[in-house]
Asks: 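Here's a structure for you.
Within every chain, numbering begins at 1; the chains are lettered A, B, ... in the order of the sequence lines, protein sequences first and strands thereafter.
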Number of protein chains: 2
Amino acid sequence: MQFSKSTDYALHALIHLGLSERSHPVGIKELSGSLGVSESYLSKIMSKLRQDGIVRAVPGVNGGYELARPAEQISFLDVIQVIEGRQQLFECSNSSSQQHRLLVEQGSAPDKQRSLERKECLVEKVMLGAEQQMHQYMREHTIQSVLDEAVKRRNHEANKK
Amino acid sequence: MQFSKSTDYALHALIHLGLSERSHPVGIKELSGSLGVSESYLSKIMSKLRQDGIVRAVPGVNGGYELARPAEQISFLDVIQVIEGRQQLFECSNSSSQQHRLLVEQGSAPDKQRSLERKECLVEKVMLGAEQQMHQYMREHTIQSVLDEAVKRRNHEANKK
DNA sequence: AGTATTATAGACACCATAGATCCATAATAG
DNA sequence: CTATTATGGATCTATGGTGTCTATAATACT
Ligand code: SF4
Ligand code: SF4
């Protein structure tokens, strides 16, 4: 299991937009050149980012892309979810197996009130919990926070001289 | 990005082994029947688990599989890493791009002492940090902990009656 | 108004990997 | 020695990620 290359590209494209604060938007040509990826492919990714309201796009001469909201409001989680989708990492496929009944329904007599705990699967609970941990961390880190840290590092480098 | 079905099967197989504490090991026939998956496919997965020391396998009559160590020493992380591999979720592909130089080398004059911070990429740092969060959670949850919780729930159900 | 520029969407090809099956072989209990 | 069970390799198919190409729409500039 790995994150797709598209996620890689999307993150870097957004970082590029983030540190390029200009009057006019950044064209796909400049972006693809900077990242070293074809225009065709990158434009697909940018299009997805636009559909999800991460960036704005303006066609025509001097057109291109710009962040749709401040970089500190674009979290890593936002980006990952646009590209990788929002399904959860672990989705059980055999919920009709014998195993399942043992774990979830516990072999006891079925009663009506059971319905509200039907979804309480112990395996999924662990896997979902783990995913939530990752999500929380990604939610706390934004495009801006990476930019800030880059600046901080640069200053630190300068002081050493 | 999703966990593979094999991970699903592996977890359930181990749980089955965990709650079947008997004298003789559990055959692939019983396992595959319980999970609702073909013997051929499941045996591949079990084989992998054996190679990584999660289970023991004995061939021959009345043979089968059993846990190689106590269930409380088999974490979810162990299982996931056997099946999904140990590469990190995010691996940068374009570390020779223009982007990269901006973020990591920061445009300042290159000096000799740079080598030790060469790997300090800010993007990877975030992605790796997120993954570590997930790993930590998975490390704290074992096959046994799921079994325990199942028992706890069963008792709770019984008390209600 | 007309033209050049730029993003958009769809169709399409390619390839790696997951998912799954089959068989020949080795090891073990009886 | 035989029945049983796990093992490893070969092989097939389906799916999804990766990537290209083209026709279309929208915008700026002259
Ligand atoms: S116990 Fe949970 S993970 Fe296992 S089959 Fe049931 S729902 Fe799926
Ligand atoms: S900055 Fe980090 S993620 Fe980006 S290209 Fe360099 S090493 Fe890769």
Asks: With DNA chain C as reference, determine whether B:Glu84 or B:Leu42 sits nearer its 5' end, using the nearest nucleotide of each.
Replies: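 The residue mapped nearer the 5' terminus is B:Glu84.
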Asks: NA contact type, B:Val37, heavy-atom cut-off 4.0 Å: base, sugar-phosphate, or nothing?
Replies: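 Nothing, no heavy atom under 4.0 Å.
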Asks: So, does the side chain of B:Lys44 form a donor-acceptor pair with the base of D:dG9 at under 3.5 Å?
Replies: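 Side chain to base: pair present.
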Asks: Measure from CD on B:Gln2 to C1' on C:dT17 and round the result to the nearest Å.
Replies: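 One finds 15 Å between C1' of C:dT17 and CD of B:Gln2, rounded.
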Asks: Give a yes/no answer on whether the side chain of B:Ser6 brings an N or O atom under 4.0 Å of OP1 or OP2 in C:dA18.
Replies: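 No, outside the criterion.
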Asks: Base, sugar-phosphate, or nothing for B:Ser38, non-hydrogen atoms under 4.0 angstrom?
Replies: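 Sugar-phosphate, backbone atoms only, no base.
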Asks: Would you indicate what B:Glu30 reaches in the nucleic acid, counting non-hydrogen atoms under 4.0 angstrom: base, sugar-phosphate, or nothing?
Replies: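 If one applies the 4.0 Å heavy-atom cut-off, B:Glu30 turns out to touch nothing in the nucleic acid.
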Asks: Given C:dA7, is OP1 or OP2 found less than 4.0 Å from the side-chain N or O atoms of A:Ser47?
Replies: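 Negative; the distance criterion is not met.
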Asks: Which atoms form the tightest heavy-atom contact between B:Met46 and B:Leu31, and what is the distance?
Replies: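 Of all heavy-atom pairs spanning B:Met46 and B:Leu31, the closest is CE-CD1, 4.0 Å.
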Asks: To the nearest Å, give me how far apart NZ (B:Lys5) and C1' (C:dA20) are.
Replies: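 Computing the B:Lys5:NZ to C:dA20:C1' distance gives 10 Å.
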Asks: Please report the distance, rounded to the nearest Å, between NE2 in B:His24 and P in D:dT5.
Replies: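 Spelled out: NE2 on B:His24 to P on D:dT5 is 11 Å.
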Asks: Among C:dC22, D:dT18, D:dC21, find the nucleotide with the atom closest to the side chain of A:Ser40.
Replies: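 For A:Ser40, the side-chain atoms sit closest to D:dC21.
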Asks: If you take all heavy atoms of B:Ile74 and B:Leu67, which pair is closest and at what distance?
Replies: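 So the minimum-distance heavy-atom pair works out to CD1-CD2, 4.0 Å.
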Asks: With a non-hydrogen cut-off below 4.0 angstrom, is B:Tyr9 in contact with a base, only sugar-phosphate, or nothing?
Replies: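 Sugar-phosphate contact only.
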Asks: Can you tell me whether the side chain of B:Lys48 and the base of D:dT7 have a donor-acceptor pair closer than 3.5 Å?
Replies: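 It does not, because no donor-acceptor pair links the side chain of B:Lys48 to the base of D:dT7 below 3.5 Å.
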Asks: Write down the distance between OH (B:Tyr41) and C1' (C:dT17), rounded to a whole number of angstrom.
Replies: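 B:Tyr41 atom OH is separated from C:dT17 atom C1' by 11 Å.
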Asks: Would you mind classifying the nucleic acid contact of B:Gln51 as base, sugar-phosphate or nothing, using non-hydrogen atoms under 4.0 angstrom?
Replies: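 Answer is sugar-phosphate: B:Gln51 comes under 4.0 Å of backbone atoms only.
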Asks: Where the side chain of A:Val61 is concerned, which of C:dA18, D:dA6, D:dC29 is the nearest nucleotide?
Replies: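 Ranking C:dA18, D:dA6, D:dC29 by closest atom to the A:Val61 side chain puts D:dC29 first.
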Asks: Between A:Asp78 and A:Ser75, do the side chains contain a donor N or O and an acceptor N or O under 3.5 Å apart?
Replies: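 There is such a pair (donor and acceptor under 3.5 Å, judged by atom type) between the side chains of A:Ser75 and A:Asp78.
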Asks: For A:Asp52 and C:dT8, give me the distance from atom CG to atom P, rounded to whole Å.
Replies: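 Whole-Å distance recorded here is 13 Å.
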Asks: Any idea which heavy atoms bring A:Met1 and A:Leu89 closest together, and the distance?
Replies: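 In this case the closest contact between A:Met1 and A:Leu89 is SD-CD2, 4.5 Å.
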Asks: A:Arg50 CZ to C:dA7 C1': how many Å, rounded?
Replies: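 Nearest whole value for this atom pair: 8 Å.
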Asks: Using modelled atom types only, decide if a donor and an acceptor are shared between the side chain of A:Gln87 and the backbone of B:Gln2 within a distance under 3.5 Å.
Replies: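 The answer is no, because no donor-acceptor pair under 3.5 Å joins these two groups.
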Asks: Rounded to the Å, how far apart are B:Glu66 CD and C:dT28 P?
Replies: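 Rounded to the whole Å, the gap is 13 Å.
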Asks: Atom NZ of B:Lys29 and atom C1' of D:dA3: how far apart are they, to the nearest Å?
Replies: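 Rounded to whole Å, this separation is 12 Å.
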